[in-house]
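Please read the structure below before turning to the comments.
This structure is a prediction, so every number in the text was calculated from the model and none was measured. All values below were derived from every heavy atom in this structure, side-chain atoms included, with hydrogens, water molecules and symmetry-related copies excluded. Chain identifiers are assigned alphabetically (A, B, ...) following the order of the sequence lines, protein sequences preceding nucleic acid strands; residue numbering begins at 1 within each chain.
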Amino acid sequence: MSSYVLDFEKPIVELEKKIAEMRAYSVSENMDMEDEIRRLEKKLEKLMEDTYARLTRWQRVLLSRHPDRPYALDYIERLFTDYVELHGDRHFADDPAMVGGVAKLDGDPVMVIGQQKGRTTKQKLHRNFGMMNPEGYRRALRLMHLAEKFHRPVVCLIDTPGAYPGLGAEERGQGEAIARNLFEMAHLKVPILAVIIGEGASGGALGIGMGDRVLMMENAWYSVISPEGCAAILWKKNPSEMIPTAAEMLRVTAPDLLELGVIDEVIPEPMGGAHRNYNAAAQTVKDRIRFHLNALKKLSPAQLIGQRIEKYSKIGFYKEN
Amino acid sequence: MAWFKRKSPGLLAQQKKEMPDGLWVKCDGCGEIIYRKQLAENAHVCNHCDFHFRIQSKEYIELLCDFGTFREIDAKLEPVDFLNFKDSRRYEERLKGAQKKTGLIDAIRTGTAKIKNIPVVFGVMDFAFVGGSMGSVVGEKVARAIDQAMGLKVPLIMVCASGGARMQESIVSLMQMAKTSAKLAQFSDSGGLYIVILTNPTTAGVVASYAMLGDVHLAEPGALIGFAGARVIKQTIGQDLPEGFQRSQFQLEHGFVDAIVHRKEMKNTLVKLITFFL
C-alpha cells in the first residue's frame, strides 16, 4: 500500500492502521474482537465515502499526482499482452517521456502510446518528469501512422504536467510537433481512443489526445493550464494561496469536462483512488477501452474521420447576433 | 544657490514614453523619433532601422487586401462567459473593457477579400484584444473561415498574432486547437492553399495549432514566434537564453518559417505564391 499520504488521506490511513493492528492483536492473543473490528470497518467505509464525495477540485489534482498513482506502463502491463516497445522518432532521438508500441488486448492487436513519468529520482530524470520534447510527439505520430498502415486502432494514455519548456524543444519545434499531431490525428484512418489517466496539462496532453472518444479517470485533471500556472498569471500577489481557487475556476475535473462536452466518459476509480488498487483500476480501464474500440471498429475510415472532425468542430461557446 | 531658479519642474523621463498619442513616435528598435504620419505611410515600419511596429487588423487589411474588397464574415460572433470566470475581474467585464478599448468583438476578424484581384479568404488577429488570445470565438471564426475557403475554393490567408489560448475559457480554449487543426486537415485534403503570416507575437496554443500548419509560413522580421514562454524556459533550464531566441530569424534557421518578409513586400510575396500554386 501507499507510502505517501496526502493530508486528506491521513484519517483514513490511520483508521486502516488501527484496524490492521486490532486484527493482528486478536490473532496473536487469540481474542474475539470481530464486533469491534466490524464497527471500525463500517466507520472506515463511511469516512472514505464522505471524504471522496466531498473532494475539492484541487484535492483531485493532488490525487492525480499522487506519487504512487499508476503510470502509463503500469496500465500497459495490466491491460495488454505481447507488448513490444518501439522507440525513436526516426528524425532526431527517442523520447523516454513518450512510450509506445504494439500490443494485444485480449488477443486483438492495438497500437498503444503513453506519456510516462518516473517513480524513483533516477527514473524521473530519465522520463524527464513526463514532459515530452518534440521527438516524443513525432515518435507518437510515427506509431499512429504505422497503426494506420496496418489498420490497427490506437490507444493513447495521457499523463503529463506539460510539454517540456526547454531551449532544445523550441529549436526543434515543440509547437509544430503538437500542431502536426493534431492535424494528422484529425484524418487518421483508424480509431483513436484517448484516456486521461493522470495529468492532462494543456497542449502537452492534447498532442496525443485527439481521440474519437476521450475517456477520463475519475481523479484525473485536464485543462488549458495547470492551476499553479493560472494562479501565477492571474494572482501575482499571492499565487500559491490562490492555486485551489484557480483549480475551481478552471473546472479541471472529469465531471466538469463531461459537462462541458469535452470528454465522453468518466472512468470510476477504486475507492480512494487508482493508487490504492492498480489491478482494479486497470480492469475498469480495460473494460471501457474494449467497449469503445468495439463500437468504433464498426465504422468505416470515412465515417471515423467525418465524425471526428465533426466532434471537435462542435466544441465552443459563443453568441451569435 | 543658483542665481536663477527653475520655475517649473524639469522634463520627466516618463513623458517621453507616453508619446504614441501625439504626433511623434519613438522607435522601439533604434530609439529614433519618427513623425507618426510618415510611419503610417511606411507601413508602420521604422525608416531608420526597419523595426516593425505592432499594428492591428484594420491596418493589415489595408496593407494586404485590395482597397475596399474585404467583406467581413461572422462579424456578430460574440464571446460569452460560460464558466463565470473571475479573477481580479470578471471575464465578462474584461471582455467588455477590451471591446470598448479596441472597438472589436473578439481577437480575430475574418472575411472574403481580393489580393491583386485574386479572391481569397482573409483572417487577421488583433493582439490588442486580450492579448490576441484564442477562445471559442477565435476558434469558431477560424473554422468557419476554413469552411468558407473550402466552399469558394480559394486560398486562405491567416495573419497570426496571439499570446495563446484564452485562460478564462479553460479547456474549451484548448479544444479550439483541435478544432482549427481538424478543419485545416480537411481543407488540405480538399487541395486548399493555406498561407500563414506570423507577426509579433505568435505563441503557445496558436503556434501549436493553425499558425504552424500552413503550406507556407511567412514571418515579419523580428517577430516573436514560439511555443513556451521565455520566462518559463529560463526558469526550467536555469540559464540565459541566446540573443534572438524565438525570433523570426531563429525560426527560419531552425526550419519552421519559409521566409522572412518585410511588411512592405508582403503583398507582392503573397501574390507570387498564390499565382504559383493556383
Determine, for B/Phe250 and B/Arg247, whether the Lys NZ or Arg CZ falls below 6.0 Å from the six-membered ring centre while staying within 45 degrees of the axis.
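No, B/Arg247 and B/Phe250 do not form such a contact.
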Distance to the ring centre below 6.0 angstrom and angle to the axis at most 45 degrees; does that hold for B/Arg54 and B/Phe127?
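Yes.
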Between B/Phe82 and A/Phe317, does a ring-ring contact (aromatic ring centres under 6.0 Å, His included) hold up when you go through it step by step?
CA-CA 7 Å; B/Phe82 57 93; A/Phe317 295 89; 4.3 Å; yes
A/Asn181 vs A/Ile178 side-chain heavy atoms within contact, under 4.5 Å
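In short, these two side chains do not touch, never coming nearer than 4.5 Å.
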Taking atom types as modelled and ignoring hydrogens, do the side chains of A/Trp58 and A/Glu248 form a donor-acceptor contact shorter than 3.5 angstrom?
no
A/His187 versus B/Asp189, side-chain donor and acceptor atoms under 3.5 Å:
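Looking only at side-chain atoms, A/His187 and B/Asp189 do form a donor-acceptor pair, the distance falling under 3.5 Å.
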If you count every heavy atom of other residues, nucleotides or ligands that lies below 6.0 Å from B/Glu243 atom CD, does the total exceed 12?
no
Heavy-atom pairs under 4.5 Å with chain A: which of [options] has the most?
| options | answer |
| --- | --- |
| B/Ala228, B/Gly135, B/Ser170 | B/Ser170 |
| B/Ile225, B/Val206, B/Leu184 | B/Leu184 |
| B/Met212, B/His254, B/Gln186, B/Lys234 | B/His254 |

Residue part contacting chain B, namely of [X], when any heavy atom lies under 4.5 Å:
| X | result |
| --- | --- |
| A/Ile315 | both |
| A/Ile225 | side chain |
| A/Leu206 | side chain |

Measuring heavy-atom distances to chain A, does [X] have an atom under 4.5 Å in its side chain, in its backbone, in both, or in neither?
| X | value |
| --- | --- |
| B/Asp81 | neither |
| B/Phe256 | side chain |
| B/Arg144 | side chain |
| B/Ala143 | neither |
| B/Leu241 | side chain |

